[in-house]
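Values below: all heavy atoms of this structure, side chains included; hydrogens, waters and symmetry mates excluded. A note on names: the letters A, B, ... follow the listed sequences, proteins ahead of strands, and every chain is numbered from 1.
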2 protein chains.
Amino acid sequence: MDDLETRELRYFVAVAEELHFGRAADRLGIAQPPLSRAIRQLEHRLGVQLLDRDRRGAALTDAGRVLLREARTALDAVAAAARRTRRAGDPTRPLVLVTKAGASHELLQRLLDAVAGTTPVEVLLCEVGEQAHRLRDGQADVAIMHRPVDDLAGFDTVDLHTEGQVAILPAAHPLAARDQLTLAEVSDVPNLPIARWPRLDGTYPDGPGPEVRTQSQLAQLVALGRTLLVIPASSRAWQWPEHVAVPVVDAPHITTVLAWPPGSRSPALAALVRTAAGLCEGYRNAESATHPTQEAPST
Amino acid sequence: MDDLETRELRYFVAVAEELHFGRAADRLGIAQPPLSRAIRQLEHRLGVQLLDRDRRGAALTDAGRVLLREARTALDAVAAAARRTRRAGDPTRPLVLVTKAGASHELLQRLLDAVAGTTPVEVLLCEVGEQAHRLRDGQADVAIMHRPVDDLAGFDTVDLHTEGQVAILPAAHPLAARDQLTLAEVSDVPNLPIARWPRLDGTYPDGPGPEVRTQSQLAQLVALGRTLLVIPASSRAWQWPEHVAVPVVDAPHITTVLAWPPGSRSPALAALVRTAAGLCEGYRNAESATHPTQEAPST
DNA sequence: AAGCCCTGATACCTGGCGGGTATCACGGCG
DNA sequence: CGCCGTGATACCCGCCAGGTATCAGGGCTT
């Protein structure tokens, strides 16, 4: 019937994340009773139980888990609407491009040089896996991402460049002397386990490797001889003197792509996409000409 | 700062679509003054002018056009959150599959047969181009769509089948006697112009062909000898006795895909996707194994 | 030119509801 | 057995969404 309000979604997300009405209310800056009432009303309106209350907190039901995921994307979309509208009203707005720190540095440099003077571009750096979120919630207009490692669902893209991967090893490690490696050799080095990244919900998968959250943590761990990693050959801007890169011959190739929210039609974005496509003409995947999710936005 | 409420977005969308405060207020079931005030507050909060007021109505500014697009997707996301949550709380829920009427009928039949008894599936038929919207706003869980004609941006997909296209002609037309045609021959038959479909905003592109909105309108127009169309070979369930299908040898191949919102993890959906992929093993594009937007949802 | 009409804007009132405080119910635990 | 910490309930208050009445002004007609 009547639509949900974003306030209700924000409240539910807070409770679902804290699993505790008191703390959630605290975080929201309101008192606990109105929060309890709001969630109860929400459950009543949806006709679905979202939380199992308990003397020591609350637990999500299946429906609650669905709403948590859906509410997050809905709130992102609302926030994106506000941000993009504010930016559209600012005539001096630069295009905001988000990329992983250090990834595809040379390519980005060439792209920025090519549009310098015509299209102002602001570069926003983020940690691994955050680009999609920044794009979805309107903090950025366009992103440099990588297939198949990043989640490109929901974006239009053009392919920019495809390349092999290298293993980054501590210089002191025996494997560092090799001039090439295979995935099998890399994946079961007993005293050099692969690091673990957080999942979307912030928890870590099980495994022997160290838990990392940022690229600089990882760089340091490699330098300390505690882990290794396999990354695209061009993503080496943050390489330390203690690091050695060895090509991994059978690792899947990584394609660098320029990604943007579907439907974006600003002339600046269209110009950037056109320039990027032009820069990489030779490398582009022929599929991109026929695939509808890979067309440039019209002006 | 403070987030927008969906009420504000609904109000703005109404005004932006009507371009008239009075009619918009009417449609929303409120009076005009509160609506004017709400829009003014919205503009003030965003720090952006959204509408140019005028004695004879209102006109969208650039920022207003951005907000209209963003607000629609945000409202879709909120509506989807409500719908999907309600459905998640209903233990008897069938999976809702949406498809264009008549398209890929045999494939769908095989798919439904294959999951009959294990996964209840409700089939929702819609007109051309509506599937993406139904999927985005939560009315459906999964869709049968076609690449490259449908907009697949924002969905995970598996390829099911690829096939050539045929021209559907009035049986009385001279070209109907041919056993094959080319795109060039089809596209400039002077007295048989291709029909025009509405754009997303409901307006029609210019051109000589008749305006159509549904497949049955189109079927009738072809039977009347007023237009022709080019469609995948399998989409002929609605063919009339007055229609003749002739292969178009150089038309781009159409791939039938199963598409669903990224992140959906219901066991029923996963089972359907697995079954579909199994059914079409031989036809599947090898790329689907490595492309992240084409992986089956995990259970 | 003088009204009229149709547009959105302004003024002002009212009621519902979102939010607050105080308190209850209840189970775990020392 | 009483204390603590959980969420639920009761009740009050003030704000703001929404209503009515009215204004302002430009393009019509006459």
Side-chain angles (χ1 to χ4, degrees), chain A residues 1-61 63-65 67-68 71 75 78 82, chain B residues 1-61 63-65 67-68 71 75 78 82:
Chain A
M1 329 279 144
D2 43 1
D3 283 301
L4 304 182
E5 287 300 324
T6 63
R7 180 176 44 78
E8 307 180 83
L9 295 179
R10 284 197 305 273
Y11 285 8
F12 174 74
V13 168
V15 174
E17 284 177 357
E18 299 286 346
L19 295 177
H20 188 290
F21 282 74
R23 282 196 300 274
D26 220 29
R27 198 173 102 183
L28 293 166
I30 65 171
Q32 170 258 318
L35 178 58
S36 284
R37 190 180 55 186
I39 300 294
R40 188 156 289 282
Q41 282 175 353
L42 180 60
E43 285 179 320
H44 189 256
R45 282 217 277 156
L46 291 173
V48 164
Q49 190 171 355
L50 300 170
L51 295 158
D52 289 318
R53 276 80 156 177
D54 188 285
R55 306 290 162 265
R56 52 186 161 292
L60 285 170
T61 62
R65 266 181 290 275
L67 183 58
L68 178 56
L75 289 175
V78 171
Chain B
M1 330 275 141
D2 43 0
D3 282 302
L4 304 181
E5 287 299 326
T6 62
R7 180 176 44 77
E8 309 181 82
L9 296 179
R10 283 196 306 274
Y11 286 8
F12 175 73
V13 169
V15 174
E17 285 178 356
E18 299 285 346
L19 295 177
H20 188 290
F21 281 75
R23 281 196 301 272
D26 220 29
R27 199 174 102 183
L28 292 166
I30 65 173
Q32 169 258 318
L35 179 58
S36 284
R37 190 180 55 189
I39 299 295
R40 189 156 288 281
Q41 282 175 353
L42 180 61
E43 285 180 320
H44 190 256
R45 281 217 276 155
L46 291 173
V48 165
Q49 190 172 354
L50 301 170
L51 294 158
D52 289 319
R53 276 80 156 174
D54 188 285
R55 305 291 162 265
R56 52 187 160 292
L60 285 169
T61 64
R65 266 181 288 276
L67 183 58
L68 178 56
L75 289 175
V78 171

### Message
Let's see if you can work this out: which of C:dG8, D:dG19, D:dG7 has an atom nearest to the side-chain heavy atoms of B:Ile30?
### Response
D:dG19
### Task
Name all pairs fulfilling the salt bridge (charged side-chain N to carboxylate O under 4.0 Å, His left out) condition that reach into residues 11-20 of chain A, sequence neighbours left out, sorted by first residue then second.
A:Glu17-A:Arg27, A:Glu17-A:Arg72, A:Glu18-A:Arg23, A:Glu18-A:Arg27
### Task
Output all residues satisfying salt bridge (charged side-chain N to carboxylate O under 4.0 Å, His left out) with B:Arg65, sequence neighbours left out; order by chain, then residue number.
B:Asp62
### Sidechain-backbone polar pair: A:Arg10 side chain, A:Glu5 backbone, donor-acceptor under 3.5 Å
no
### Query
Over how many whole Å does the gap from A:Leu35 atom CG to D:dA8 atom P extend?
9 Å
### Message
Rounded to whole Å, please give me the gap between CD in B:Glu5 and C1' in C:dG18.
### Response
11 Å
### Interatomic distance where CG belongs to A:Leu42 and P belongs to C:dC17 [whole Å]
16 Å
### Message
Please give me every residue in residues 19-29 of chain B whose heavy atoms get under 4.0 Å of an atom in DNA chain D, ordered by residue number.
### Response
B:Gly29
### Query
Which residues satisfy the side-chain hydrogen bond (donor to acceptor under 3.5 Å, both in side chains) test with B:Arg7, sequence neighbours excluded?
none
### Query
Between C:dC17 atom P and A:Glu8 atom CD, what is the distance in whole Å?
12 Å
### Query
Can you name the residues that form a side-chain hydrogen bond (donor to acceptor under 3.5 Å, both in side chains) with A:Thr61, not counting sequence neighbours?
none
### Interatomic distance where CG belongs to A:Asp52 and C1' belongs to D:dG7 [whole Å]
13 Å
### Query
Any sub-3.5 Å donor-acceptor pair from B:Glu43's side-chain atoms to B:Leu51's backbone N or O?
yes
#### Entry: B:Leu67 side chain reached by B:Leu46 side chain, heavy atoms, under 4.5 Å
yes
### Query
Looking only at heavy atoms, which two atoms of A:Ala58 and A:Phe21 are closest? And how far apart?
CB-CE1, 4.1 Å
### Query
Using a cut-off of less than 4.0 Å, is there contact between a side-chain N or O of B:Arg53 and OP1 or OP2 of C:dA9?
yes
### Query
salt bridge (charged side-chain N to carboxylate O under 4.0 Å, His left out) with B:Asp52: which residues, sequence neighbours excluded?
none
Side-chain donor-acceptor pairs of residues 32-40 of chain A under 3.5 Å, sequence neighbours excluded:
residue, atom, partner, partner atom, Å
A:Gln32, NE2, A:Ser36, OG, 3.1

### Message
What is the separation between atom CD on A:Gln49 and atom P on D:dG7, rounded to the nearest whole Å?
### Response
14 Å
### Derivation and outcome, side chain to side chain contact (heavy atoms under 4.5 Å, CB included), residues B:Leu4 and A:Thr6
CA-CA 7 Å; B:Leu4 304 181; A:Thr6 63; 5.9 Å; no
### Task
Would you please confirm or rule out a distance under 4.0 Å between OP1 or OP2 of D:dA8 and any side-chain N or O of A:Ser36?
yes
## Note on the structure
Whole-Å distance, B:Leu50 CG to C:dG8 P, equals 15 Å
Detail all sub-3.5 Å separations between protein N/O atoms and N/O atoms belonging to nucleotides 27-29 of chain D.
none

### Query
A:Asp54 CG to D:dG7 P: how many Å, rounded?
9 Å
Measure all distances between protein nitrogen or oxygen atoms and nitrogen or oxygen atoms of nucleotides 13-17 of chain D, and list the pairs falling under 3.5 Å.
residue, atom, partner, partner atom, Å
D:dA17, N7, B:Arg37, NH2, 3.4

